[in-house]
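Take a look at the structure set out below.
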Amino acid sequence: MAQIKPSLAKGTRDFSPLEMERRNYIFNTIKDVFRKYGYQEIQTPSFENLQTLTGKYGEEGDKLIFKILNSGDFISKISAEKFATLHSNSITPLIAEKALRYDLTVPFARYVVMHQNEITLPFKRFQIQPVWRADRPQRGRYREFYQCDADVVGSESLLNEAEFILVYQEALSSLGLKDFVIKLNNRKLLAGIADIIGKPELLIDMTVAIDKLDKIGLVGVKQELAAKGFSTEELAMLDPIITLSGSNVDKLATLKEVLKSSEMGQKGIEEIEMVLAYAQKLDANALPYIEVDITLARGLNYYTGSIFEVKTNEVSMGSIGGGGRYDDLTGMFGLPGLTGVGISFGADRIYDVLLELDLFPESTTKTTQVLVTNFDQSTEDYALSLLQTLRKNGIASELYPVAAKLKKQLTYADQKKIPYVIFIGAEELSSGMLTIKKMITGEQEKMAADDLFSYLINTADPN
RNA sequence: GUGGUUUUAGCUCAGUUGGUUAGAGCGCCUGAUUGUGGUUCAGGAGGUCGUGGGUUCGAGCCCCAUAUUCCACCCCA
């Protein structure tokens, strides 16, 4: 067989022991907070029926779904006439029936519908699994990455939203992040803005343009909006929205005034106020992290109410979390009238941020505690029983698997940071006194096997 | 998907206008030490220069294609 140069698929990574330890640190921290707020873990398959996923993420999102080619001779199942009329888009459902999951929310909606008789509402679940996107990789953007999602379905209370803000605040603070902002917006408020300008189709263009205020300034924003088709009068009407600033309370007061003719807009403002009120009652310390931001649109099609996004100000990185409320995601799977709201942590981005800020705790992984040396066949037999006795006493131990030079065995212990090495050679065998070497100090002493056990049980770290 | 960028030893990187045998540091292996690691000293191995074409007497260097990395859009975690 021809040799193949080893390489990773674009946008994927291996995780070595140290990286896994750090990744698990992130996962465990987030999990602990999820559990504390009453969420239970589930998992769903890596791939779903393509139908389950398509049409949920918008046009751009659909393009980024990794499709799985059907098995077998799928071409022969398409008639020649039909084949001639096909283009790459319309052929996809014919040759790919499955696809890798794009996020955890849609599979969760599917799960809820399929398990509706087993679950009691409100159902609070969390899920930590990889998702895949056929995007072009970049800093903080991978084609395979882990999301940590918490969602609750069957409760329209805005307390859920407020609790999610606290989950964000608590988890990120536990991870050592200090300067981050949880952005809060509401689709109803955006709809209200669309109401008053009477051009709902330009809503997206508008939020995108307003979002650039820092970069291109008020004049630039207005130019861009004019280019998109806004009249001078409309721009005047939008002025207070474009220049919206100040505290959350200030912003909401301005919006209330501007959107007073829009029922939908008022509803959006009320919802934001309610979320903030709940958050304050739960923990007023969380309030400074919350920023009402009307430019937060979020592409995901299914959001209908609150929208969240989390960014850190400590390093340059896209959002490290996002979420929102979806009123009818399960409706697409035949269970209408069930509202849900959820958030997601981008574990891989959080990893990159923590690494850059040097916020990972010192390695705490328990490695092997004792290495038993291997001199030759006769000593190996004795060493084997000693080895297993150590293990039965809960001490992580290993025997060097072949009789090698002591130098080599010690180098191995050194590199693996094994704190104790037990020498069993001819000398030890005949005297019955084993030599134990403490690698950190280099000192060594002789003791009988029984004394050695009690010594190690008392001093070595169990695993 | 659009535009740009990167790729040379296990790792991080030098490499002149296109000119003999492509270098360094770290790491690795061997020895100084046949029962002693982390320090030191001596020696050694390791490269189809991302891949495939092309130009040239001659290509790591120039041209084309392709993969990959990172960056800016788009979008997103």
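The model shown is predicted, which means the values in this text are computed figures rather than measured ones. Both backbone and side-chain heavy atoms feed into the values below; hydrogens, waters and symmetry mates do not. Naming: A, B, ... by sequence-line order, numbering from 1 per chain.
- Judged by distance alone, with hydrogens and angles left aside, A:Arg136 brings a side-chain donor or acceptor within reach of the base of B:rU2, the pair sitting under 3.5 Å.
- Atom CD in A:Glu445 sits about 20 Å away from atom P in B:rU36, given to the nearest Å.
- Here the side chain of A:Glu427 is nearest to one of B:rA77, B:rG35, B:rC74, namely B:rG35.
- Of the nucleotides present, none pairs with B:rG37 by Watson-Crick or G-U wobble criteria with both distances under 3.5 Å.
- If you take CD of A:Gln138 and P of B:rU68, they are 15 Å apart, rounded to a whole angstrom.
- Atom P of nucleotide B:rC75 and atom CG of A:Leu296 are separated by 13 Å, given to the nearest angstrom.
- If you check every strand for non-hydrogen atoms under 4.0 Å, A:Gln415 touches sugar and phosphate atoms only.
- Distances were taken from every side-chain heavy atom of A:Met439 (C-beta onward) to each of B:rG37, B:rA77, B:rG35; the shortest belongs to B:rG37.
- Checked against B:rG35, B:rA77, B:rC75, the side chain of A:Gln147 finds its nearest nucleotide in B:rA77.
- On a pure distance criterion of 3.5 Å, no polar donor-acceptor pair joins the side chain of A:Arg133 and the base of B:rC76.
- A:Arg141 places its CZ atom 9 Å from the P atom of B:rC76, with the value rounded to the nearest Å.
- The separation between A:Glu309 atom CD and B:rC75 atom C1' is 11 Å, rounded to whole Å.
- Aromatic ring orientation, A:Tyr302 versus A:Tyr57: perpendicular (interplanar angle above 60°, classes split at 30° and 60°).
- Of the candidates B:rG37, B:rG35, B:rC76, the closest approach to any side-chain atom of A:Asp414 belongs to B:rG37.
- Judged by distance alone, the side chains of A:Glu156 and A:Thr339 never bring a donor and an acceptor atom under 3.5 Å apart.
- If you check every strand for non-hydrogen atoms under 4.0 Å, A:Ala347 touches nothing.
- Using a 4.0 Å heavy-atom cutoff across all strands shown, A:Gly442 reaches at least one base atom of the nucleic acid.
- Nucleic acid contact for A:Leu8: none, since no nucleic acid atom lies under 4.0 Å from a heavy atom of the residue.
- The six-membered or imidazole ring of A:Phe27 lies near that of A:Tyr146, with a centre-to-centre distance under 6.0 Å.
- Looking at A:Asp103 and A:Arg133, no side-chain N of the basic residue comes within less than 4.0 Å of a carboxylate O on the acidic one, giving no salt bridge.
- Two residues, A:Phe345 and A:Ala9, neighbour RNA chain B, and the one matched to the more 5' nucleotide by heavy-atom proximity is A:Ala9.
- The pairing partner recorded for B:rG43 is B:rC29, the criterion being a Watson-Crick or G-U wobble arrangement whose two distances lie under 3.5 angstrom.
- Base contact: A:Glu428 has a heavy atom under 4.0 Å from a base atom.
- Pairing partner, B:rA65: B:rU51, with both Watson-Crick or wobble hydrogen-bond distances short of 3.5 Å.
- Taken to the nearest 0.5 Å, the CD1 atom of A:Ile307 stands 10.0 Å off from the CG atom of A:Asp293.
- Counting only heavy atoms from C-beta on, A:Lys437 has its side chain closest to B:rG37 among B:rG35, B:rC75, B:rG37.
- No N or O donor and acceptor, one from the side chain of A:Gln409 and one from the base of B:rU36, sit under 3.5 Å apart.
- In this structure, A:Ile320 reaches the sugar-phosphate backbone alone: every heavy-atom distance under 4.0 Å involves primed, P, OP1 or OP2 atoms, never a base.
- Rounded to whole Å, the distance from CD1 on A:Ile65 to P on B:rC76 is 13 Å.
- As a whole-Å value, the separation of A:Lys56 NZ from B:rC75 P is 22 Å.
- A straight line from NZ of A:Lys405 to C1' of B:rA32 spans 12 Å, rounded to a whole angstrom.
- With no hydrogens or angles considered, no side-chain donor-acceptor pair links A:Lys408 and A:Tyr412 at under 3.5 Å.
- A:Gly318 comes within 4.0 angstrom of no nucleic acid atom, judged by non-hydrogen atoms across all strands.
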